[in-house]
Amino acid sequence: MSQVYTSPTPIGKKVLCIEDEHFISELYVRALTKAGYEVTVEVDGQRALDLAKTDAFDVILLDLMVPTITGTEILRRMRDTSETPHLHAKVIITTNLEQRDDIRANIESQADGYLVKAEITPRELVDFLSTIK
């Protein structure tokens, strides 16, 4: 079940964090809510896709390895305009999964950003999101 975290000082931006690692999502929630974001965390891929289709989010942080359906399948279906015609959210891949260059390039071409979780702090994530329009 999704959990929603609100900021005491909201900036009016909503983030859907699709992440099954509790520790990582907790770090992201803490940093993002402190920066003013409202954050919804979903661990299940299918439920996350259903949430994304509501087009209620400004940013979607998408882990590639989540239960029920993979992050790459979620990304493909979000980018399929026949399935999700009005998605305005920016989709940022967050992963530690090692990938061949051609696979990573394909994923990056469909996303608005690609971050390796082990190489970015929660504060750097907040800074990165502040640059996205």
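Model, not experiment: these values are computed from the prediction.
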Begin from the C-alpha positions of Glu83 and Leu49 and carry the test side chain to side chain contact (heavy atoms under 4.5 Å, CB included) through to its verdict.
CA-CA 11 Å; Glu83 188 168 348; Leu49 178 60; 4.2 Å; yes
What's the shortest heavy-atom distance between Pro8 and Thr33, and which atoms?
CD-O, 4.2 Å
Check each of Thr70, Thr68, Asp63 against Val66 using the side-chain contact (heavy atoms from CB on, under 4.5 Å) test, and report the only one that passes.
Asp63
Treating Ile, Leu, Val, Met, Phe, Trp and Tyr as nodes and any side-chain heavy-atom pair under 4.5 angstrom as an edge, say whether Ile120 and Leu61 lie in one connected cluster.
yes
Do NZ/NE/NH1/NH2 and the carboxylate oxygens of Arg79 and Asp112 come within less than 4.0 Å?
yes
Rounded to the nearest 0.5 Å, the CG atom of Asp55 sits from the CE atom of Met78 at a distance of 11.0 Å
Please report the shortest heavy-atom distance between Ile93 and Ala111, naming the atom on each side.
CG1-CB, 3.7 Å
dist Ile92:CD1 -> Leu125:CG (nearest 0.5 Å) comes out at 8.5 Å
Can you see which heavy atom on Gly36 is nearest to which on Ser7, and at what distance?
CA-OG, 3.2 Å
Are Ile18 and Val91 co-members of a hydrophobic cluster defined by side-chain heavy atoms under 4.5 Å apart?
yes
Verdict with reasoning, Asn96 to Val116, per side chain to side chain contact (heavy atoms under 4.5 Å, CB included):
CA-CA 5 Å; Asn96 278 327; Val116 177; 3.7 Å; yes
Which value, rounded to the nearest 0.5 Å, describes the distance between Phe128 atom CZ and Thr121 atom OG1?
13.0 Å
A side-chain contact here means heavy atoms from C-beta on lying under 4.5 Å apart; do Arg77 and Lys53 qualify?
yes
Atom of Lys14, atom of Ala56 and distance for their closest heavy-atom approach:
CD-O, 3.3 Å
Is Val15 reachable from Ile11 through a run of hydrophobic residues whose side-chain heavy atoms are each under 4.5 Å from the next?
yes
How long is the straight-line distance from CD1 of Ile69 back to CD of Gln46, given to the nearest 0.5 Å?
4.5 Å
Minimum heavy-atom separation for Glu119 and Glu124, please, with both atom names.
O-OE1, 3.9 Å
When every non-hydrogen atom of Phe57 is compared with those of Leu51, the smallest separation belongs to CE1-O, 3.6 Å
Yes or no on side chain to side chain contact (heavy atoms under 4.5 Å, CB included) for Tyr28 and Val39, after CA distance, side-chain angles and deciding distance?
CA-CA 9 Å; Tyr28 290 173; Val39 183; over 6 Å; no
Quick check against the 3.5 Å criterion: does Glu42 have a side-chain atom that pairs as donor or acceptor with the backbone of Asp44?
yes
Option passing side-chain contact (heavy atoms from CB on, under 4.5 Å) with Lys13 (candidates Leu129, Asp58, Ile132)
Asp58
Where do Ile60 and Ile74 land on the side chain to side chain contact (heavy atoms under 4.5 Å, CB included) test, with the steps shown first?
CA-CA 11 Å; Ile60 297 171; Ile74 295 168; over 6 Å; no
Please say whether more than 12 non-hydrogen atoms of neighbouring residues, nucleotides or ligands are located less than 6.0 Å from NE2 in His88.
yes
Under 4.5 Å between side-chain heavy atoms, counting indirect links through other Ile/Leu/Val/Met/Phe/Trp/Tyr residues: same cluster for Leu75 and Leu64 or not?
yes
Could you tell me the separation between the CG atom of Leu32 and the OH atom of Tyr5, rounded to the nearest 0.5 Å?
12.0 Å
Within-4.5 Å side-chain heavy-atom neighbours: Met65 and Thr95
no
Single-linkage hydrophobic cluster, 4.5 Å side-chain cutoff, Ile24 and Tyr114 together:
no
To the nearest 0.5 Å, how far apart are CG in Leu87 and OG1 in Thr54?
9.0 Å
